[in-house]
Structure formats: C-alpha cells, structure tokens
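One structure is given below, encoded as structure tokens.
Positions are given from 1 along the sequence. First listed ligand is number 1; within each ligand, the first listed atom is number 1.
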Amino acid sequence: MTNEQQQILLEKVIQLRNQFHKRSKEVDQSGVFPHENFKELKDSGYLSWTVPKKYGGLGLNLYDFLRMQEQLAQGDGATALSIGWHLGSILELSENDSWNEAAFRNLCQKVVNEQALINRTATEKGTGSPTRGGVPETKATLQGDQWVINGRKSFASMAEALDYSLVTAHIEDTDRVGIFLVDHKHDGVKVEPTWNSASMRGTRSDDLVLQGVTVPKENFVEEEGKQVNPPFPKGWLLHIPACYLGIASAARQYAIDFASSYQPNSLPGPIKEVPEVQRKIGEMELALFQSREILYSVAQRWTACPESRGNIGTELSAVKHIVTNQAVHVVDLAMKIVGARSLSRDCPLERYHRDVRSGLHNPPMDDTVIKKLASKALEESQPTVTL
Ligand SMILES: Cc1cc2nc3c(=O)[nH]c(=O)nc-3n(C[C@H](O)[C@H](O)[C@H](O)COP(=O)(O)OP(=O)(O)OC[C@H]3O[C@@H](n4cnc5c(N)ncnc54)[C@H](O)[C@@H]3O)c2cc1C
C-alpha cells in the first residue's frame, strides 16, 4: 500500500474514531453492545480490510491493521478490541493459508459482500485461557459427512452480533483440537447474556452455547498446531496491545487537556506549569514512545520478513507484555495528574482505568511471557565464563 492509500484509510478511521468517542460513555454505562458503531464500521467496509485482495478485500498487512486499530481504540476501546478479533482472525487465516481454499474464499466473499462478522471462540470456563494449553470441553464428532458440535464457550466477544464463530473443539477420535467455522444461523447456536464485567463492557463477551450444531465438512478449518510444532506464532494477536495503546493515548490526551485548562486559585496559571505535573506528562510520553516503537518495529518485521515469522514468537509476547503494562501505567499517571475528579463516573479516565485492566487478562498473560523469555535465554545461552 502506498503512503497515500494508507493516509486515506487512516482518515476514514479517524472519522469513525471520533464518532465512537461520542458514544463510548453511553456504551460503557449501559453495558449494551455498540450496534451503531458496528453499523458504521460495516458501512465503511472496514470488516473486509484484511481480506486478501484476490477475494475483494484490501489485503491490509499486520502493520497497517495495527495502526488503524490503535486509532479506533482511542475512540472506544471495547469496539476496537471486538473488531480487532474479526480483522485479526481473517488476517491469520489468510497468512496461514492452511484452510480449504474454496471454503476460505466463500467466507471472504460473505465478509466483502455482506460485511459478515466473525470471531474466534476458544475460551471455556473449565479450561480457562486457551493459551495455557487446556483441552476444550466442547466436543466435535464426525457423523456421516458432517461434524456435530456440543459445548459452551465463554468470553465470546460480540456474541450477539456474530454471523460466524471459529470454535475450538476436542475431536475424540483423533484426540486433537480442531477449529470449526460455525454459522450462527444454524440450529443449536444460542447466546447466553453472562457478561457482567467492569471492564470492556461494550464487547458483550457473553457465553456461546452450542447444542448439536451441525457443521459441513469443509468448515473444518484446521487442527490446532498441526502445521508446525511448536505452533506458529500469532502475529495478529498484536491487535491486543494496539488496542490498549490506543486507550492509553486517549487517557494521555485527556490529562494534557485537563492540565492545560485547570487552574485552581492557589496557582498563578494552569497546573501544566507545575514541575511535578510536567514530570508526569514526560513519564507518559516516555512510556507511549517505548510502546509505539516496539509495537510497530516488531509488526514491521512480521510484515516485511514472512520467512522469519516462525522465530519471533518470544518477541511478539514481549511486545504484548510491555505495551499492555505500560498502558496501565500511563492511565494511572493520567489519573494522578487529574486528581480525584478522575474517579468520577463522568470522567472518561475512570472508564479507561477499568478498560485497560482487561489487557492483563488477554493472551498471552504476563507470567507466561516471562517464563518464555527465561526459557529462551537459558536454551540459547552458551557458557562464556569458566567458573
Ligand atoms: C475483554 C475480553 C474479551 C475477550 N474476548 C475473547 C474472545 O472473543 N474469544 C476468546 O476465545 N476469548 C476471549 N477472551 C478471553 C481471554 O483470552 C482469556 O481466555 C480469559 O480472559 C481468561 O483468562 P484468565 O487468565 O483469566 O483465565 P484462566 O486460565 O482461568 O486463569 C485464571 C488464573 O488462574 C491462574 N492459572 C490458570 N492456569 C494456569 C496455569 N496453567 N499456570 C499458571 N497459572 C494458571 C492464573 O493466576 C490466572 O490469572 C476475552 C477476555 C477479555 C477480558
């Protein structure tokens, strides 16, 4: 994509961001799914931006996808995280190229022509985060020429608005975990409104119940981790840190605007002139600079060097750890600048504070990242000193 094309897309996204920003308080306080935001995303064609060009999409790469997502998250974090699952899932299917070509093309056409919405539903109450290796309790059984799926998924973002889910299920016959494309119009697919979270309320990450759902054979996407062992790194999951970076940037902007206009009568000018406030602003800038640099440099490597993607799993995890924790830190600093008003339900910082916490519980989790880094260091280290 040329810089000019990127700029045009970014401008479209900035318009969406500004619209979402106006609704984000209402979305959070009502706890309802932001259907209006999704209508605007669909009207703008955003859902097909990571669909490969050969299937009618824009073929957005990881780097550009993250730039768009960071902007959307400044408007509404819950909308950005949700739509990030959709665009990211399509990007992964396209990059992995491991599914039946005709079936993937068919899905892409539904996304391009009808702006069909999909997500991955991999989490379950009994197994917890799928990244920790738990085997799904959801079962898939081959009966004749179709699969029958039974189970329950938790944390299914956008559940009520989805057209399709990529459901993970245990295949008893082979003792492997498979990924299946489930059409939400099929009998036996039901959403249970269990989402009552303090954070990212607009994602409506409700439960998805699957009771005797039949799935045609071609909708068996792949066996998890079959292509390579260890599993291929998931670059698309960088949409998670991009989202929390966006929320942190919005918090930073709010704090700077506040510091520029708030002048208590104990001071000759606004609080931005106070050295301690300036120190906190500087700390926010430092954290955001670090976060952006590492997020986009690793995304750039993923995009520019497809042949080395297999080797950057640890770096992807480290980016997620650094950026999400820095985002929590930035929102905290922004709240300290603004003071007690930042806790008001009328102040967006209070929402950013709750939303940014979700980043800690999106994959991969901090302890897993640290463990992975330690293992890599120990595996690679060559003794250089004779003790
Ligand atoms: C806003 C939001 C949206 C989401 N959307 C989706 C979605 O659309 N699709 C989807 O599939 N998922 C989604 N998720 C789920 C997410 O990816 C995680 O699976 C989910 O948050 C559960 O993670 P957990 O660490 O709390 O769970 P658990 O794995 O149950 O862990 C709970 C705690 O137990 C401990 N623990 C558990 N297992 C281990 C272990 N093996 N070793 C060490 N400690 C352990 C840890 O202390 C951990 O904090 C979403 C989550 C959030 C917050």
TODO: Determine, for Lys25 against Glu350, whether the closest basic-nitrogen to carboxylate-oxygen distance falls under 4.0 angstrom.
DONE: no
Open item on the list: Does the protein come close to atom 28 (P) of ligand 1 - that is, does one of its heavy atoms sit below 4.0 Å from that atom?
Closed with: yes
Task: Ion pair check, Arg120 and Glu92, cut-off under 4.0 Å - done: yes
Open item on the list: One residue to check: Ser157. Relative to ligand 1, which of side chain, backbone, both or neither has a non-hydrogen atom less than 4.0 Å away?
Closed with: both
- [ ] May I ask you to check whether Ser129 has an N/O atom sitting below 3.5 Å from an N/O atom of ligand 1?
- [x] yes
Task: Residue pair Gly84 / Gln69: nearest heavy atoms and the distance that separates them - done: CA-NE2, 3.4 Å
Open item on the list: If I apply the N/O under 3.5 Å rule, does Arg120 come out as touching ligand 1?
Closed with: yes
- [ ] Examine Ala122 against ligand 1 and note whether any of their N/O atoms are separated by less than 3.5 Å.
- [x] yes
Task: Shortest protein contact, atom 40 (C) of ligand 1 (heavy atom only) - done: Arg132 CD, 3.4 Å
Open item on the list: Counting only nitrogen or oxygen atoms and a 3.5 angstrom limit, does His361 reach ligand 1?
Closed with: yes
Open item on the list: Distance under 4.0 Å to a non-hydrogen atom of Asn362: what atoms of ligand 1 satisfy this?
Closed with: 2 (C), 50 (C), 51 (C), 52 (C), 53 (C)
Task: Polar contact flag for Thr123 and ligand 1 (N/O pairs, less than 3.5 Å) - done: yes
Open item on the list: So if I count the atoms of ligand 1 from 1 in the order they appear, which ones are less than 4.0 Å from some heavy atom of Met200?
Closed with: 1 (C)
Open item on the list: Check this for me - ligand 1, Met365, N or O atoms closer than 3.5 angstrom, yes or no?
Closed with: no
TODO: Sequence neighbours left out, what passes side-chain hydrogen bond (donor to acceptor under 3.5 Å, both in side chains) with Asp175? Give chain and number order.
DONE: His170
- [ ] Between Trp85 and ligand 1, find which residue part has any heavy-atom pair under 4.0 Å and reply side chain, backbone, both or neither.
- [x] side chain
Task: Within-cut-off N or O pair, Asn119 and ligand 1, under 3.5 Å - done: yes
TODO: With the side chain counted from C-beta on, respond yes when Trp302 and Tyr63 share a heavy-atom pair under 4.5 Å apart, and no when they do not.
DONE: no
Task: Atoms of ligand 1 close to Ser205 [distance to a heavy atom under 4.0 angstrom, numbered from 1] - done: 3 (C)
TODO: Go through ligand 1 atom by atom and flag the ones less than 4.0 Å from a non-hydrogen atom of Pro130.
DONE: 19 (O)
Open item on the list: Between Phe180 and Trp147 (judged by ring centroids, cut-off 6.0 Å), do the two rings come close enough to count as a pair?
Closed with: yes
